[in-house]
Amino acid sequence: MIIKDVVCPFCGCLCDDLDVEVEGQKVIKVQNGCALAEAKFTGSGRLPAPIRRTPTGWDDVSYDDAIRETAEILVAADRPLLYGWSSTHGDAQSMGVHIAELIGGVIDNTSTVCHGPSILAIQEVGHPGCTLGQVKNRADVIVYWGCNPTEAHPRHMSRYTTFATGFFVPEAQKDRTVIVVDTRRTESAEIADEFIRIERGGDYEVLSALRAIVRGKGNVVPKMVAGVSREQLFRVAEICKKAKFGAIFFGLGLTMSAGKYKNVRNAIELTDELNRHTKFTISPLRGHGNVYGSNEVFTWITGYPYAVDFSRGIAFYNPGETTAVDILRRGECDAALIVASDPGAHFPHAAAAHLAKIPTVLIDPHMTATTPLCRIQIPCTIAGIDAEGTAYRMDGVPIRYRKVITSSYPDDADILKKIHDRIREVQGS
Amino acid sequence: MAASIIWYLREFFRPGWLKKFLFAKTAPLTTPPYFRDFPEPTGKPCQHALFCMMVCPAPGAIDVVMEEDGWRPRIHKGHCIRCGLCVEACPNGVLRSGRILETRKAEGTAFIVTFRISIDPDLCTGCGNCATSCPVNKQLDPQIGAGGHSSNDEVIMRVLDGDVHVLHEEKCTGCKTCEVSCPTRAIQIARILEGTQQPQKGGGQ
């Protein structure tokens, strides 16, 4: 059976044009999806049943026992952390926030090690963004700054930017100019019209120099700025000013290098300057399929997009203090619930080491790099493959995940609901 | 010794010999019609088919460049060996040399070219840039240009199972847009040139 118009839940592009061929309870073919989508849909290695660590290895446990024990761990903890959420759907994320409120814990999502600085910058100076449809139909200048869509978002260029035929850019790549800014010559740079190679940590300086040139103060720019020649900066500024519609996309090269949210703020302010000459937008390339959704869900329930601390009885937000890595690194967290993410693979060593010391529960369909750190793992459905739900694309457009196969695994929202109910029972509320 | 010098002078300064040498009446030198000189333009516009570059056996002897009035083949005389294959291969008769064009017409010979698309699945990320940018694909399926989603199997290539797959190699025109659109250099177009001869009137080959 071929199911059409399936949404890929892997990255923030949320491509919704896949044709998936299903045989029984298995996906056997994926058409139109990239290599990442193909691996996501046809991947194996799912954990068959909940497991609990013993002194010598692992024991299988029932879902009820695993859920009961998880609730007990969370209720007994003084400073529990609920982390992850970006690879599941909105219902599970919402249930996570309710559990955090119930136990007075800290809830954080993967933005904290990803585009968290972008959110801080946006909170300072706003977000002149737009949907990917606008970029596809209008943008004749595309800038990829500190990101490599070829590897992380393979279909971004063919679906939304460079190679897509747009209403006002009918000749696609012939009508568009692509600028790639990075510290190394990435695959994306190979197909760029202009590649700006900057020294590591030089983003802020280069952005400031471009702002000065666009503002008409180019005489203050020295011969070289962080490894970029003055001539190239003037050339790029001219390309941007002459654009009919420009779009900047940025990645972790900007948010996680020296300067962090100040880099993003500077990039937004460069976009602001460019809007004095033409139309320009800026958007982050979001990683996990529904990371934008976790920011949305957290915001509409708590008022804050990530790093929300309920220990005071109210929602409190202070990135740097209430962010997952900082809580773990300081060693103040005494229990953790990890859902739909893999901190074992992504967190700094000190934070991951602390996760291994405390009772950590993982709700994830697969055995991951976090499995060796946890005490209990509860397998669940994969949102977008055997569970449906709502996700948000990297530009904030909500898209409904489709369920393409039926499995015997419970939905993570149902597991979390049972944990929530059990906590209420234990608390007697 | 002296006798031998005199002997030589007598031998080489014979009046008859000198007269023949200085006042020889030979036929003037003319270039025969079958002589293949360096290829010259015929004035017909170059269509950028690049058959000349494909067939040329001498490295660096010919390239096709964009000039103010369009594409133009450029011969590098230091490298050209005047074999005339470029003249014979050009489907648009842009170059001439000797009697090559006339012979080609009389004998009904031609070069036909096909294209082979090779994809390295280890390098291919399935991004769809090649399938989306291919001008032939865009004609065969207007949807594919608008985001990489193909609605039919008439296209040259489309993404299946995470890699791009070639469905209709025979439709390729060899423009190499896919090659320059590929960030990982996973797709490559090889041109295959083949000599043919039309059947002569009267049944002969």
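Here is the naming used below: chain letters follow the sequence lines, and residue numbers restart at 1 for every chain.
- Proximity to chain B is limited to the side chain of A/Lys136, based on heavy atoms less than 4.5 angstrom apart.
- Taking a 6.0 Å sphere around CZ of B/Arg116, one finds it holds 12 or fewer heavy atoms contributed by other residues, nucleotides or ligands.
- More than 12 non-hydrogen atoms from other residues, nucleotides or ligands lie less than 6.0 angstrom from CE of B/Met54.
- Listed for the B/Thr132 side chain is no donor-acceptor partner under 3.5 Å among the backbone atoms of A/Ala164.
- In terms of non-hydrogen atom pairs under 4.5 Å with chain B, the most contact-rich of A/Ser158, A/Pro154, A/Ala172, A/Ser188 is A/Ser158.
- In terms of non-hydrogen atom pairs under 4.5 Å with chain A, the most contact-rich of B/Val159, B/Thr177, B/Ile144 is B/Val159.
- When the heavy atoms of residues 78-91 of chain B are compared with those of chain A, none of the residues falls under 4.5 Å.
- What you find for B/Pro183 and A/Thr150 is that their closest heavy atoms are CG-CG2, 3.4 Å.
- At most 12 non-hydrogen atoms from other residues, nucleotides or ligands lie less than 6.0 angstrom from CZ of B/Arg185.
- Of all residues in residues 12-30 of chain A, those placing a non-hydrogen atom less than 4.5 angstrom from a non-hydrogen atom of chain B are A/Asp17, A/Asp19, A/Ile28, A/Lys29, A/Val30.
- Heavy atoms of A/Glu190 lying under 4.5 Å from chain B belong exclusively to its side chain.
- Annotation: A/Lys279, atom NZ; neighbour count of heavy atoms from other residues, nucleotides and ligands within 6.0 Å does not exceed 12.
- The only member of A/Gln173, A/Met157, A/Lys174 that meets side chain to side chain contact (heavy atoms under 4.5 Å, CB included) when paired with B/Ser133 is A/Gln173.
- In this structure, A/Thr165 contributes its side chain and B/Gly145 its backbone to a donor-acceptor pair below 3.5 Å.
- Listed options B/Pro135, B/Gly126, B/Ala131 were ranked by heavy-atom pairs under 4.5 angstrom with chain A; first place goes to B/Gly126.
- In this structure, no portion of B/Cys130 lies under 4.5 Å from any heavy atom of chain A.
- Counting all heavy atoms, side chain and backbone alike, A/Arg155 lies closest to B/Cys127 at CG-O, 3.6 Å.
- To the nearest 0.5 Å, the span separating SG on B/Cys178 from CZ on A/Phe163 amounts to 10.5 Å.
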